[in-house]
Amino acid sequence: MVRPAQDLVAAKQRIRAESLAQRATRSPAELADAGQEIAGHGIDRWLDAGLIAAYLSVGTEPATRPMLDALTTAGVRVVVPVIVGKGLDWADYLSGCEVSTGALGVAEPTGRRLGPAVLNSADVILVPALAVDRDGNRLGRGRGYYDRALAGVTAPAVAVVYDEELLEAVPAESHDHRMQGVLRPAGYVLL
């Protein structure tokens, strides 16, 4: 007999596989267009923010650098994660700053580390996701970095996804941190 916890894990794995397969079909032009659309919505929404915690997209993730570059050029402070062990530290991101490939193939700034507490000063935290639903349940890659980093943080967390990755339902567990918004090419959705 399959236990409910195993059903939940299987459902998460299925959605992850579907999302990654769909992302793999996107052309470079489609990826760039989606990144520009996301940038436009993010810039309109957070141009007056003091501090945004975000991430540097990789591969077929919705492109975040166009938005981050525009925000930093406008004077918004942006911090992005650096993987340290099983946790996230944070470093300032400046347009054109030096980055290296860190753990798990993630792009990370090489500058000074700020510590996890910097999230307590963030106006918003942009979080990578493979899927999210209208209840704020987010599906990441399954390693729990963001769920651990966001525990106890009060700033709104916003999942960044492609339009079709806003689903009716995403399986969630008690430790999964809920999102308060979704940023996608079609626009921003408050949850």
Got L167 and N137 here, is their nearest side-chain heavy-atom distance under 4.5 Å? no
Flag side-chain contact, heavy atom, 4.5 Å: Y162 against L31: yes
If every non-hydrogen atom of R113 is compared with every non-hydrogen atom of A91, which pair is closest and at what distance? NH1-CB, 4.0 Å
Test your reading of the model: is there a side-chain donor-acceptor pair from T64 to the backbone of S57, 3.5 Å cut-off? yes
Any link between L150 and L139 through a network of hydrophobic side chains (Ile, Leu, Val, Met, Phe, Trp, Tyr) touching at under 4.5 Å? no
Can you tell me how far apart CD (E168) and CG (D135) are? Round to the nearest 0.5 Å. 9.5 Å
Indicate if V82 and Y93 have the same hydrophobic cluster label, given that clusters are the connected sets of ILVMFWY residues with side-chain heavy-atom separations under 4.5 angstrom. no
Between V161 and L130, is any pair of side-chain heavy atoms under 4.5 Å apart? no
Test side chain to side chain contact (heavy atoms under 4.5 Å, CB included) applied to Y55 and V106, step by step: CA-CA 9 Å; Y55 65 97; V106 175; over 6 Å; no
I'd like to know if D176 pairs up with R138 as an ion pair, taking the criterion as any Lys NZ or Arg NE/NH1/NH2 lying under 4.0 Å from an Asp or Glu carboxylate oxygen. no
Tightest non-hydrogen contact, residues Y146 and P81, listed as OH-CG, 3.3 Å
In terms of side-chain geometry, is the basic nitrogen of R26 or E164 positioned less than 4.0 Å from the acidic oxygen of its partner? yes
Mind listing the closest non-hydrogen atom pair of I38 and R184 along with its distance? CG1-C, 3.6 Å
Pick one: which of D92, T72, D123 meets side chain to side chain donor-acceptor pair (under 3.5 Å) with R77? D92
Return the CG to CE distance between D133 and M179, rounded to the nearest 0.5 Å. 11.0 Å
Verify the cluster assignment for L191 and I125: are they in a single hydrophobic cluster under the rule of side-chain heavy atoms below 4.5 Å apart? yes
Hey, does H175 have a side-chain heavy atom less than 4.5 Å from the side chain of R148? no
Check L8 against P171 and note the closest heavy-atom contact, atom names and distance. CD1-CB, 3.2 Å
Among E165, E30, E18, find the residue that satisfies the side chain to side chain donor-acceptor pair (under 3.5 Å) test when tested with R23. E165
Hey, does the side chain of E61 reach the backbone of V58 with a donor-acceptor pair shorter than 3.5 angstrom? yes
Heavy-atom pair of closest approach, residues I15 and A131: CG2-CB, 3.9 Å
Let me see the working for N120 and V153 under side chain to side chain contact (heavy atoms under 4.5 Å, CB included), right down to the final yes or no. CA-CA 6 Å; N120 295 321; V153 174; 4.1 Å; yes
Without swapping roles, check the side chain of E108 against the backbone of I83 for a donor-acceptor pair under 3.5 Å. yes
Is the shortest heavy-atom distance from the side chain of W46 to the side chain of L126 under 4.5 Å? yes
Out of curiosity, L119 CG to T154 OG1, how far, rounded to the nearest 0.5 Å? 10.0 Å
Gap separating the CZ atom of R134 from the CG atom of L166, nearest 0.5 angstrom: 4.5 Å
Taking C-beta and beyond as the side chain, do V99 and R65 meet within less than 4.5 Å on heavy atoms? yes
How about L68 and L56: do any of their side-chain heavy atoms sit closer than 4.5 Å? yes
Evaluate the side-chain proximity of R45 to V124: yes if any heavy-atom separation is below 4.5 Å, no if none is. no
Do V132 and L20 share a hydrophobic cluster, counting only Ile, Leu, Val, Met, Phe, Trp and Tyr and linking them when any side-chain heavy atoms are less than 4.5 Å apart? no
So does R16 get a backbone contact from the side chain of S19, meaning a donor-acceptor N/O pair under 3.5 Å? no
Single-linkage hydrophobic cluster, 4.5 Å side-chain cutoff, V84 and L114 together: no
Using every non-hydrogen atom in the two residues, find where L183 and G42 come nearest and quote the distance to one decimal. CD1-N, 4.1 Å
To the nearest 0.5 Å, tell me how far R112 CZ sits from W90 CH2. 15.5 Å
